[in-house]
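First the structure, in the form of structure tokens, and then the observations on it.
Note on naming: letters A, B, ... go to the chains in the order of the sequence lines (proteins, then strands), and numbering restarts at 1 for each one.
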Amino acid sequence: MPELPEVETVRRGLQPAMEGRRIVDAEVRRVDLRRPFPEHMAERLRGQRVLRLHRRAKYILVDLGSRETLLIHLGMSGRLLVDMANQAHFHDDRAPDRRHDHVVLRMETGTQVTFNDARRFGLMDLVATERAEAHPLLAGLGPEPFGNAFDESYLVHALSQRRSPIKTALLDQRTIAGLGNIYACEVLHRAGLDPTRRADRIAAGRIAGLVPIIRAVLQEAIDAGGSSLRDHRQTNGELGYFQHAFQAYGREGEPCRTPGCDGAIRRIVQSGRSTFYCGKCQR
DNA sequence: ATGTGTTCCTGTCCGC
DNA sequence: TGCGGACAGGAACACA
């Protein structure tokens, strides 16, 4: 599911249900995710007040009164659903499969927050709030696209020493935190940049031009509630709708929509991931 | 030190 | 309709 816009959409949906509220009960129904839940997670969550819900890259961070922080990653198919015992919110046939409800949190208000993840690539961990940024999963992450540390000079410098294709470099969370396969493709299409070009061989001016494009694409996607291809849901079960605005991702064989371009979108594989781009207007 | 390929798991879709 | 294979919003890990 989740790149930055999807995770941010989920965070915003969780906020009113969780921030400032106490977790009165935590139930772990399945422990064998790709990475097991931390020791005694249910006990460590039970009774804790949620002080703050924030996001770093594709992680949701839940700061608790115990001075521990719950780290949540949604992997490929993870969902966090608020009060979805009532499935009437699902207006399509993709209501969650309850066999994949791995964690259920009950808030003092009676609201339930459910972590559902069919593929089990998602993860949770607990870390001292003070040391959260130093957690091994967070320590190596690049700057936030909407943060002050991310600007033209940073990106030009960071990419000037990468010999991998620009698409691969943008996907690398050490370069910039939060881009995934969809938005890397969409950004490069909007920039008119060939995803196969070596990052260190692209003119600085064109790399600098990526900065506002990255911010714009991500912001538009957040405003649309993210992209729902298969698994992504907002916390109320509703779909995101940015997938309708895709210019490249998933459009193999379809005409390029760049004004004045009569090319077609192609699909190639880079580092094991599909890349969609127009061979005509992306240079 | 960088680069890419493999792997985890379930679900869905497409061609035979 | 059944079956096999490809593929899916990620990223840690192993290996060149």
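For the P atoms, the distance from C:dA11 to B:dA1 is 23 Å, rounded to whole Å.
Checked against C:dG10, B:dT4, C:dA8, the side chain of A:Arg267 finds its nearest nucleotide in C:dA8. Candidate nucleotides C:dG10, B:dT10, C:dA12 were compared by shortest atom distance to the side chain of A:Lys58, and C:dG10 ranks first. Among the nucleotides C:dA12, B:dT4, B:dT10, the one closest to any side-chain atom of A:Ser271 is B:dT4. Across C:dA11, B:dT10, B:dT4, the shortest atom-to-atom separation from the side chain of A:His100 is found for B:dT10.
Remark: P of C:dA11 and CG of A:Asp117 are 13 Å apart, rounded to the nearest angstrom. Protein atom CZ of A:Arg35 is 9 Å distant from nucleotide atom P of C:dA12, rounded to whole Å. Remark: C1' of C:dA11 and CG of A:Leu71 are 15 Å apart, rounded to the nearest angstrom. Straight-line distance from the CG atom of A:Asp231 to the P atom of B:dC13: 12 Å, rounded to whole Å. We find that CZ of A:Arg99 is positioned 13 Å from C1' of B:dC9, with the value rounded to whole Å. Here the P atom of nucleotide B:dG3 and the CZ atom of A:Arg273 are 17 Å apart, to the nearest Å. A straight line from CG of A:Asp200 to C1' of B:dG3 spans 12 Å, rounded to a whole angstrom. Look at CG on A:Leu229: it is 21 Å from P on B:dT10, rounded to the nearest Å.
A heavy atom closer than 4.0 Å to some atom of DNA chain B occurs in A:Thr168, these being the qualifying members of residues 168-179 of chain A.
Contact check for A:His189 versus A:Cys256: side-chain heavy atoms found under the 4.5 Å cut-off. Between A:Asp172 and A:Leu179 the shortest side-chain heavy-atom distance does not fall below 4.5 Å.
The backbone N or O of A:Asp32 lies less than 3.5 Å from a partner atom in the side chain of A:Arg120, making a donor-acceptor pair. At distances below 3.5 Å, not a single donor-acceptor pair connects side-chain atoms of A:Asn116 with backbone N or O atoms of A:Pro96.
A donor-acceptor contact under 3.5 Å links the side chain of A:Arg119 to the base of B:dC9.
Side-chain atoms of A:Ser227 and A:Tyr183 include a donor-acceptor pair closer than 3.5 Å.
Between A:Lys58 and A:Glu3 there is no salt bridge, since no side-chain nitrogen of the basic residue lies less than 4.0 Å from a carboxylate oxygen of the acidic one.
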CA sep, side-chain torsions, deciding dist, call: A:Glu8, A:Arg12, salt bridge (Lys or Arg N to Asp or Glu O under 4.0 Å)
CA-CA 6 Å; A:Glu8 179 61 20; A:Arg12 292 181 185 187; 2.8 Å; yes

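Through direct or indirect side-chain contacts shorter than 4.5 Å among Ile, Leu, Val, Met, Phe, Trp and Tyr, A:Val269 is connected to no other residue.
Applying the 4.0 Å criterion to OP1 and OP2 of C:dG10, one finds that A:His73 has every side-chain N and O outside that range. Neither OP1 nor OP2 of B:dT12 sits under 4.0 Å from any side-chain N or O of A:Arg230. The phosphate of C:dA8 (OP1 or OP2) has no side-chain N or O of A:Ser77 nearer than 4.0 angstrom.
The ring pair (Phe, Tyr, Trp, His ring centres under 6.0 Å) check on A:His73 picks up A:Tyr59, with sequence neighbours excluded. Applying the side-chain contact (heavy atoms from CB on, under 4.5 Å) test to A:Phe121 and every residue at least two apart in sequence or in another chain returns A:Arg34, A:Met76, A:Arg119.
Residue contacts shown for A:Arg120 are limited to sugar-phosphate atoms, with no base heavy atom under 4.0 Å away. Contact annotation for A:Pro165: backbone-only contact, meaning every heavy-atom pair under 4.0 Å involves sugar-phosphate atoms and none involves a base. Counting non-hydrogen atoms under 4.0 angstrom, A:Leu33 reaches nothing in the nucleic acid.
Remark: ring of A:Phe121 does not overlap the six-membered base ring of C:dA11 in a stacked fashion, as centroids less than 5.5 Å apart with planes less than 30° apart are not both met.
The stretch residues 191-203 of chain A participates, sequence neighbours left out, in these salt bridge (charged side-chain N to carboxylate O under 4.0 Å, His left out) pairs: A:Arg198-A:Asp200.
With a cut-off of 3.5 Å on both pairing distances, the Watson-Crick and G-U wobble pairs of DNA chain C assemble into stems of 3 or more at B:2-8 with C:10-16, B:10-16 with C:2-8.
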